[in-house]
Number of protein chains: 2
Amino acid sequence: MSRPKPALRRLSADALALIARRFAVLAEPMRLRLLHALFPGEKSVGELVTLTGGTQANVSRHLQTLAQAQLLARRKEGLQVFYTISDPSIFPLCELVCGSLEKSHARQRKLVAAGG
Amino acid sequence: MSRPKPALRRLSADALALIARRFAVLAEPMRLRLLHALFPGEKSVGELVTLTGGTQANVSRHLQTLAQAQLLARRKEGLQVFYTISDPSIFPLCELVCGSLEKSHARQRKLVAAGG
DNA sequence: GCTTTATATGCGTGTGTGCGCATATAAGGA
DNA sequence: TCCTTATATGCGCACACACGCATATAAAGC
C-alpha cells in the first residue's frame, strides 16, 4: 500500500539555501559530464580530461567542487588521483530529472508539431 | 564488453546541458521557498509574497522562471493568478537531496566534533 | 471614461562563477 | 639534484543572473 500523503518536509529558509547550493553544484554541464563519465566507476583526472574534452585545469577545478560537495571521493595513487562517485543518490536523482525532462520535451514537441 | 549494469543512461553533452539547466532552475533559494510554499497546494502570487517575505516583483519573476521550466502551472482567476506544482517529480527530488544532505551534514558534524 | 487592485516587466547594478592562461605543487625516475 | 609527468591553483576577464526600484499591463468596480 502506497503512502496516501508523501510526508512533506517542513524546511527552514536556511535548509532551502543548502538544498539550493547542492542543486547549484549539479547545475553545470561540465560537472554533469564528469559525473556521467564516472557512472561506470572510478577514473583518473587524465582519463576524465580525455573523456570530457575539457582542459586539465577546468576538469580539476570541477572535480574539486564535486568532491567538496561530498559527491565524489578522492584517492591518490602515485602521480595520479582517482575520483569516484561517493553519493549514490546521484543515480536516482538523474533518473528523476531525465524522466521529467522527457515528459516536458514530449509536450514541447507536440506543440511544435501542432504548429504552435 | 558486457554491461553488467544496464540501468545507467547514456547521455549526450546536449542532454546533460538540459539537465544542468533544470538543476539551475532549482538552484535558487527563493525559488525553492516558492516551491516549498506550494507543496500543500495552489496559491496566488499575493499569498506567496506574504509566505516567502519577498518583494512582489521578485516573486513574480521567479514564478515565471519556474513556470517556464514546466515546474509550475498558471491559472488566472479575476485579478489573481494562481500557481500550482505541475511536476510531481519535485517531491521525490527534494526527498533525495534532503536525505543526501542530512548524511553529509552528519559526516561534517562528526568531523567537527572530533576536532578535525 | 477613471481608479483601485493584482500581477508582470524594463532598467541598472552588484555579485557570483565558469573559463583560459600561466604557474605552482607533488610524485617518480635518472 | 634535475627533469618529466600528473594534478592543483592564482589571476583576470566575461557573462549570467538575482535583486530593488519604478513603471506597465490586466481586470474589476465606480
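No hydrogens, no waters, no symmetry mates; every other heavy atom, side chains included, goes into these values.
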C/dA26 OP1/OP2 closer than 4.0 Å to side-chain N/O of A/K76 | no
Look at B/Y83 and C/dA8 and indicate whether a side-chain polar atom (N or O) is within less than 4.0 Å of OP1 or OP2.
-> yes
Between the side chain of A/R22 and the main-chain N/O of A/A69, is any donor-acceptor distance below 3.5 Å?
-> yes
Examine distances only and state if a side-chain atom of A/T52 and a backbone atom of A/L48 form a donor-acceptor pair shorter than 3.5 Å.
->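 Between the backbone of A/L48 and the side chain of A/T52 there is a qualifying donor-acceptor contact (under 3.5 Å).
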In residues 48-62 of chain B, what residues come within less than 4.0 Å of DNA chain D, judged by heavy atoms?
-> B/T55, B/A57, B/N58, B/R61, B/H62
Under a 4.0 Å heavy-atom cutoff, the residues of residues 20-33 of chain B touching DNA chain D are B/E28, B/R31
From [atom1] of [X] over to [atom2] of [N], roughly how many Å is that when rounded to an integer?
X	N	atom1	atom2	value
B/L63	C/dA8	CG	P	7 Å
B/F82	C/dT7	CZ	P	8 Å
A/L34	C/dG18	CG	C1'	13 Å
A/K43	D/dT7	NZ	C1'	18 Å
A/Q64	D/dG10	CD	P	9 Å
B/L79	C/dA6	CG	C1'	5 Å

Report the distance from atom CG of B/L35 to atom CG of B/L72, rounding to the nearest 0.5 Å.
->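 If we round to the nearest 0.5 Å, B/L35:CG and B/L72:CG are 5.5 Å apart.
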Position toward the 5' end of DNA chain C (nearest nucleotide), A/E77 or B/R74 =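 Mapping each residue to its closest nucleotide by heavy atoms, the 5'-most match is B/R74.
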Step-by-step side-chain contact (heavy atoms from CB on, under 4.5 Å) determination, B/L93 to B/L26 | CA-CA 10 Å; B/L93 206 66; B/L26 298 170; 3.4 Å; yes
Are A/L71 and A/L51 grouped together when hydrophobic residues (ILVMFWY) are joined by side-chain heavy atoms under 4.5 angstrom apart?
-> no
Are A/V59 and A/F82 joined in one hydrophobic group, where the rule is that I, L, V, M, F, W and Y side chains link up if heavy atoms are under 4.5 Å apart?
-> no
Which of C/dA8, D/dA6, D/dA8 is nearest the side chain of A/V45? It is D/dA8
Mark yes when over 12 heavy atoms from residues, nucleotides or ligands other than A/R75 sit less than 6.0 Å from its CZ; otherwise mark no.
->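 Check passes, neighbour count above 12.
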CA sep, side-chain torsions, deciding dist, call: A/F23, B/V25, side-chain contact (heavy atoms from CB on, under 4.5 Å) | CA-CA 9 Å; A/F23 279 127; B/V25 172; over 6 Å; no
Closest approach of A/S86 and A/Q70, non-hydrogen atoms and distance?
->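 Taking every non-hydrogen atom into account, OG-O, 3.0 Å.
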